[in-house]
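Quick notes on the structure that follows.
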Number of protein chains: 2
Amino acid sequence: MSTSQQAADVFSRACPSREVFEDVTGKWAVLALSALQQGPHRFGELRRRVDGVSEKMLSQTLQVLERDGLVHREVRSATPPHVEYTLTDLGTALAPRLRALIDFVEDALPQVLAARTARDDRP
Amino acid sequence: MSTSQQAADVFSRACPSREVFEDVTGKWAVLALSALQQGPHRFGELRRRVDGVSEKMLSQTLQVLERDGLVHREVRSATPPHVEYTLTDLGTALAPRLRALIDFVEDALPQVLAARTARDDRP
DNA sequence: CCGCATCCTAACAGATACTG
DNA sequence: CAGTATCTGTTAGGATGCGG
């Protein structure tokens, strides 16, 4: 059989990859996926790790990522609830690229702050 | 001299890197930066390349990226206006990592769509 | 041609309270 | 513990019109 799909292109508004791209680069999605790169996490662990995320947003984000096949959700017991989140194979392949982005930003921070200061001087 | 800064950490809400990270992973920022990876662009060219972006959002995005020292803006004539946007050295270093992310999403699209379908079958 | 200013709405995001 | 529900404020983002 042949692949009848033409190549995906995030630059095209109508391409489905655009939506997936936004799921993946979302504010909390990147942090959640990167946290999960270090191994399985429970909901509360993730919440503490991703500083500043609300229960609602984390829950919402995880649902989207699970739907996209990047995160696996497993209920291990019901009383008290114990839910583990892990990366799928696809998520595992994605995580290093997000990590590279995070590392870049963290390393470049001094230069960015310097650029801002320089710009503030001459309006 | 010594660097008195402790390591940046995007997982901490208070760390300045978190804000820079959001600038960089913003919906339009990634696309604009990746477009500029292919060489200098004028405003209108960028607008056409980044399908779906409004003038306002593109303008806003470029201002943020310029402020962060990732994009350089150069006015080349005034009547008619001719403005060129290029990546700075920092932006040039960043672009390949965004490209890697875009490539991943475009390549993974079939798997993501398959995951969604599989999930829709069993609610 | 490039972009800013204004206005307006819809989606997003936080806090709180509640349930299995 | 792991969420859902609701309510409300904030911001993203589109449309339009104008100025350099």
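Side-chain atoms are counted along with the backbone in the values below, which use heavy atoms only and exclude waters and symmetry mates. Reminder, nothing fancy here: chain letters follow the sequence lines and each chain counts from 1.
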Quiz item: Over its full length, what angle do the end axes of the helix from dC1(C)-dG20(D) to dG20(C)-dC1(D) make, each axis taken from five pairs and the result rounded to 10 degrees?
Solution: 50°
Quiz item: Does D103(B) CG have over 12 foreign heavy atoms under 6.0 Å away?
Solution: yes
Self-check item: Spacing of CG belonging to L87(B) relative to CD belonging to Q38(B), to within rounding of 0.5 Å
Solution: 10.0 Å
Exercise. Would you mind checking if R119(B) and E66(A) are paired as a salt bridge, meaning a charged N to carboxylate O distance below 4.0 Å?
Key: yes
Self-check item: R42(A) side chain near dA2(D) phosphate (N/O to OP1/OP2, under 4.0 Å)
Solution: yes
Exercise. Hey, could you give me the CZ/CD distance between F21(A) and E106(B), rounded to the nearest 0.5 Å?
Key: 9.0 Å
Quiz item: Looking at Y85(A), does any N or O in its side chain come under 4.0 Å of the phosphate oxygens OP1/OP2 on dG3(D)?
Solution: yes
Quiz item: Can you check the Q63(B) CD to dA12(D) C1' distance for me, whole Å?
Solution: 16 Å
Quiz item: When all nucleic acid strands are considered with a 4.0 Å heavy-atom cut-off, which category describes R47(A): base, sugar-phosphate, or nothing?
Solution: nothing
Practice problem: Mind calculating the distance between CD (Q60(B)) and C1' (dA12(D)) to the nearest angstrom? | Solution: 8 Å
Quiz prompt | Straight-line distance of R73(A) CZ to Y85(A) OH, nearest 0.5 Å | solution = 4.5 Å
Please table the atom pairs, donor to acceptor, closer than 3.5 Å between any side-chain atom in residues 44-51 of chain A and protein atoms at least two apart or in another chain.
residue: E45(A); atom: OE1; partner: R42(A); partner atom: N; Å: 2.8
residue: R47(A); atom: NH1; partner: V53(A); partner atom: O; Å: 2.4
residue: D51(A); atom: OD2; partner: R13(B); partner atom: N; Å: 2.9

Self-check item: Out of dG3(D), dT4(D), dC1(D), whichever nucleotide has its closest atom nearest the side chain of F43(A)
Solution: dG3(D)
Quiz item: In the 5'-to-3' direction, what one-character label does each nucleotide of nucleotides 14-20 of chain C receive under the scheme B = base within less than 4.0 Å of a protein heavy atom, S = sugar-phosphate only, - = no such atom?
Solution: BB----B
Quiz item: NA contact type, R73(A), heavy-atom cut-off 4.0 Å: base, sugar-phosphate, or nothing?
Solution: sugar-phosphate
Quiz item: Contact class for E84(A) vs. all strands (heavy atom < 4.0 Å): base, sugar-phosphate, or nothing?
Solution: nothing
Quiz item: How long is the span from the CG atom in L94(B) to the CG atom in L36(B), to the nearest 0.5 Å?
Solution: 11.0 Å
Quiz item: Any ion pair linking D107(B) and R97(A) (charged N to carboxylate O, less than 4.0 Å)?
Solution: no
Practice problem: Give the C-alpha distance, both sets of side-chain angles, the deciding distance and a yes or no for side chain to side chain donor-acceptor pair (under 3.5 Å) between D9(B) and S12(B). | Solution: CA-CA 6 Å; D9(B) 177 21; S12(B) 295; 3.1 Å; yes
Quiz prompt | Nearest-Å distance for atom pair CD/C1', residues E66(B) and dC2(C) | solution = 14 Å
Exercise. Measure from CG on L46(B) to P on dG3(C) and round the result to the nearest Å.
Key: 10 Å
